[in-house]
Protein chains: 2
Amino acid sequence: MREKKIRLKTAEIEKQSHLDYFKIAISVDCVIFGYVEKELKVLLIKSDMKEFEGKYSLLGDLVKLDEDLESASKRVLKERTGMDDVYMEQVQSFGSVDRHPSGRVITIAYYSLIDIKHHKLKLSHNELDWHPVRKVKKMAFDHNLILDACLRRLQQKVIEHPVIYNLLPEKFSLRELQKLYEAILGVQLDRRNFRKKISINDSLIDINEKEVDVSHRPGKLYKLKPEFKKKKTSKHN
Amino acid sequence: MREKKIRLKTAEIEKQSHLDYFKIAISVDCVIFGYVEKELKVLLIKSDMKEFEGKYSLLGDLVKLDEDLESASKRVLKERTGMDDVYMEQVQSFGSVDRHPSGRVITIAYYSLIDIKHHKLKLSHNELDWHPVRKVKKMAFDHNLILDACLRRLQQKVIEHPVIYNLLPEKFSLRELQKLYEAILGVQLDRRNFRKKISINDSLIDINEKEVDVSHRPGKLYKLKPEFKKKKTSKHN
DNA sequence: AGGAAATATGTACTTATGACACATTAATTT
DNA sequence: AAATTAATGTGTCATAAGTACATATTTCCT
């Protein structure tokens with residue numbers, strides 16, 4: 001009997017300490033980029049916290065005890081959007097003491113790139129929807145900071161490796177690729193120089209097909225060479 | 001008396017649950033780079049865990065509930081080395097489920113650059129000492145991975161901005177700067193081209209002094225222009 | 001005073017980047 | 001069916017950046 005009482009006590013204390021005293025919670029937040037209507041967009045959800053009523057937030061969740069960080073962010077993606085097998089990269093941790101109104105939560109930010117045509121998400125649910133990256137208003141928590149950090153990382157990536165195939169369908173024209181590149185970097189580029197740059201790094205296959213349903217001369221379609229499709233999988237973190 | 005016994009018990013359990021069951025602990029690990037005897041070194045300490053007896057580990061500690069991540073890693077540095085006001089940059093989180101033998105610990109890696117001449121550390125204590133980065137053996141935990149990630153980040157940084165003044169004394173010669181650059185990248189460079197590169201980015205001041213106590217023609221000494229000294233302080237994470 | 005050793009600087013060659021123009025193709029209009 | 005239009009597809013030249021390489025100069029040491 002006495003033993004039981006002690007257990008109760010300790011359970012209580014565990015629960016308290018869980019959020020109150022020495023416990024720090026860990027979450028992941030996903031910045032999910034998509035390319036819709038020639039604009040770079042990010043998937044946001046209406047915040048369910050009353051402190052942030054009306055504001056949007058990134059998709060995220062607490063990390064479970066038995067899951068790796070990347071598993072956690074893939075789970076978030078899968079749960080909320082049904083999407084699987086997406087490109088994902090860890091960006092940065094955010095851990096200011098006061099970043100979460102309900103307690104101490106350190107979050108690890110990931111960004112993902114998805115081709116929205118291949119991954120049909122149930123946008124009707126959950127007030128989940130695409131927002132143009134450049135027009136995102138004040139979000140919940142420090143999520144604007146997180147979005148900025150992820151966008152900068154994506155821009156860095158696209159400069160180093162201009163073919164961001166993850167955001168495009170399997171077959172794409174050079175014009176489409178250039179428009180994507182411009183959408184990410186927020187600049188306009190010379191068509192000829194862009195094509196030269198692409199041809200130099202030699203990562204595309206001409207598949208001898210042409211665009212259809214365009215109201216002008218159709219462009220050639222390309223695929224990414226398989227050897228460039230290596231997904232960046234972070235192994236041990 | 002009974003109360004006391006309970007407290008003892010709960011304290012025990014707190015300690016257990018702290019690392020055992022539902023608690024995910026958060027730590028920071030610091031990869032502290034120094035430039036000693038023309039070699040890039042990292043500050044390591046003998047692991048105090050019996051699982052890793054004889055192995056070295058990075059300097060790290062659990063993050064306290066009321067401290068930001070960067071504060072935590074600065075505290076670690078200060079406590080263990082006495083050093084303050086150092087360059088520091090967050091690199092990556094490591095959170096594999098099994099990375100820590102005593103429980104779930106997610107760690108956030110930082111790297112620091114210090115000029116060892118300005119920061120005299122009490123190396124005699126704690127079996128704390130500098131180790132050549134290229135010759136580090138198997139360390140405790142996943143610390144080899146962490147070191148690798150931080151080294152790659154530092155290399156990236158030095159390519160973008162060749163003047164890594166944090167590792168050098170205030171006044172330095174171009175030869176010293178080049179040797180440092182070479183030590184970080186692990187390559188040999190042409191002296192003339194290196195100097196051209198440095199002169200182009202125009203970040204040094206010729207202070208009209210020369211090296212002393214060198215057994216050959218002394219080189220000119222330079223300082224970094226103040227406007228290039230902006231410390232990278234991560235604001236909100 | 002002369003030799004050794006490192007500093008300091010310049011030039012030619014190659015490669016990458018940026019500005020720019022014209023011919024070609026296929027859909028659309030007349 | 002021919003002319004028009006609007007986008008695709010390619011090439012050249014000028015400039016900037018990167019790489020390979022050589023000679024003169026300064027200081028230390030003997």
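In what follows, every chain begins at residue 1, and chains take the letters A, B, ... in the order their sequences are listed. From a predicted model like this one, the values you see are computed outputs, not experimental measurements.
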*To the nearest angstrom, how far is B/E211 atom CD from D/dC28 atom C1'?*
13 Å

*Protein-nucleotide distance (A/L177, atom CG; D/dG9, atom P), rounded to Å*: 13 Å

*Quick one: list whatever passes salt bridge (Lys or Arg N to Asp or Glu O under 4.0 Å) with A/K135, sequence neighbours left out.*
A/E39

*Report the distance from atom CG of A/D206 to atom P of D/dT8, rounded to the nearest whole Å.*
15 Å

*Separation of A/I200 atom CD1 from C/dT15 atom P, in whole Å?*
12 Å

*Considering residues at least two apart in sequence or located in another chain, which fulfil the salt bridge (Lys or Arg N to Asp or Glu O under 4.0 Å) criterion with B/K225?*
B/D202

*Round to the nearest Å and state the distance from A/F172 atom CZ to D/dT8 atom C1'.*
17 Å

*Who passes ring pair (Phe, Tyr, Trp, His ring centres under 6.0 Å) against B/Y222, sequence neighbours left out?*
none

*Of A/K196 and A/L221, whose closest DNA chain D nucleotide lies nearer the 5' terminus?*
A/L221

Only distances under 3.5 Å count here; give the side-chain donor-acceptor pairs of residues 184-191 of chain B to other protein atoms, sequence neighbours excluded, each with its distance to 0.1 Å.
{"unit_1": "B/D190", "atom_1": "OD1", "unit_2": "B/R192", "atom_2": "NH2", "d": "3.0"}
{"unit_1": "B/D190", "atom_1": "OD2", "unit_2": "B/R192", "atom_2": "N", "d": "3.0"}
{"unit_1": "B/D190", "atom_1": "OD2", "unit_2": "B/R192", "atom_2": "NE", "d": "3.4"}
{"unit_1": "B/D190", "atom_1": "OD2", "unit_2": "B/N193", "atom_2": "N", "d": "3.0"}

*Taking atom types as modelled, find out whether A/D98 and A/S96 have a side-chain donor-acceptor pair closer than 3.5 angstrom.*
no

*Quick one: label B/K197 by what it contacts on the DNA or RNA (base, sugar-phosphate, nothing), any heavy atom closer than 4.0 Å.*
nothing

*Summarise protein proximity over nucleotides 25-30 of chain C in one line of letters, 5' to 3': B for base, S for sugar-phosphate only, - for none, counting protein heavy atoms closer than 4.0 Å.*
BSS---

*Can you name the side-chain contact (heavy atoms from CB on, under 4.5 Å) partners of B/Q156, sequence neighbours left out?*
B/E160

*ring pair (Phe, Tyr, Trp, His ring centres under 6.0 Å) involving B/Y35 - partner list, sequence neighbours excluded*: none

*Quick one: list whatever passes salt bridge (Lys or Arg N to Asp or Glu O under 4.0 Å) with B/E37, sequence neighbours left out.*
B/K41

*Rounded to the nearest angstrom, tell me the gap between atom CG in B/N201 and atom P in D/dG18.*
11 Å

*Give, ordered by number, those residues of residues 188-195 of chain B having at least one heavy-atom distance below 4.0 Å to an atom of DNA chain D; if nothing qualifies, reply none.*
B/D190, B/R192, B/N193

*Can you give the dot-bracket line for DNA chain C, where a pair is Watson-Crick or G-U wobble with both atom distances under 3.5 Å, crossing pairs use [ ], and | marks a partner on another strand?*
||||||||||||||||||||||||||||||

_Residues which pass ring pair (Phe, Tyr, Trp, His ring centres under 6.0 Å) with A/F52, listed by chain and number, not counting sequence neighbours_ = A/F141

*Nearest-Å distance for atom pair CD1/P, residues B/I198 and C/dA8*: 13 Å

*With B/R195 via side chain to side chain donor-acceptor pair (under 3.5 Å) - residues at least two apart*: none

*asked:* Closer than 4.0 angstrom, basic N to acidic O: yes or no for A/K220 and A/E209?
replied: no

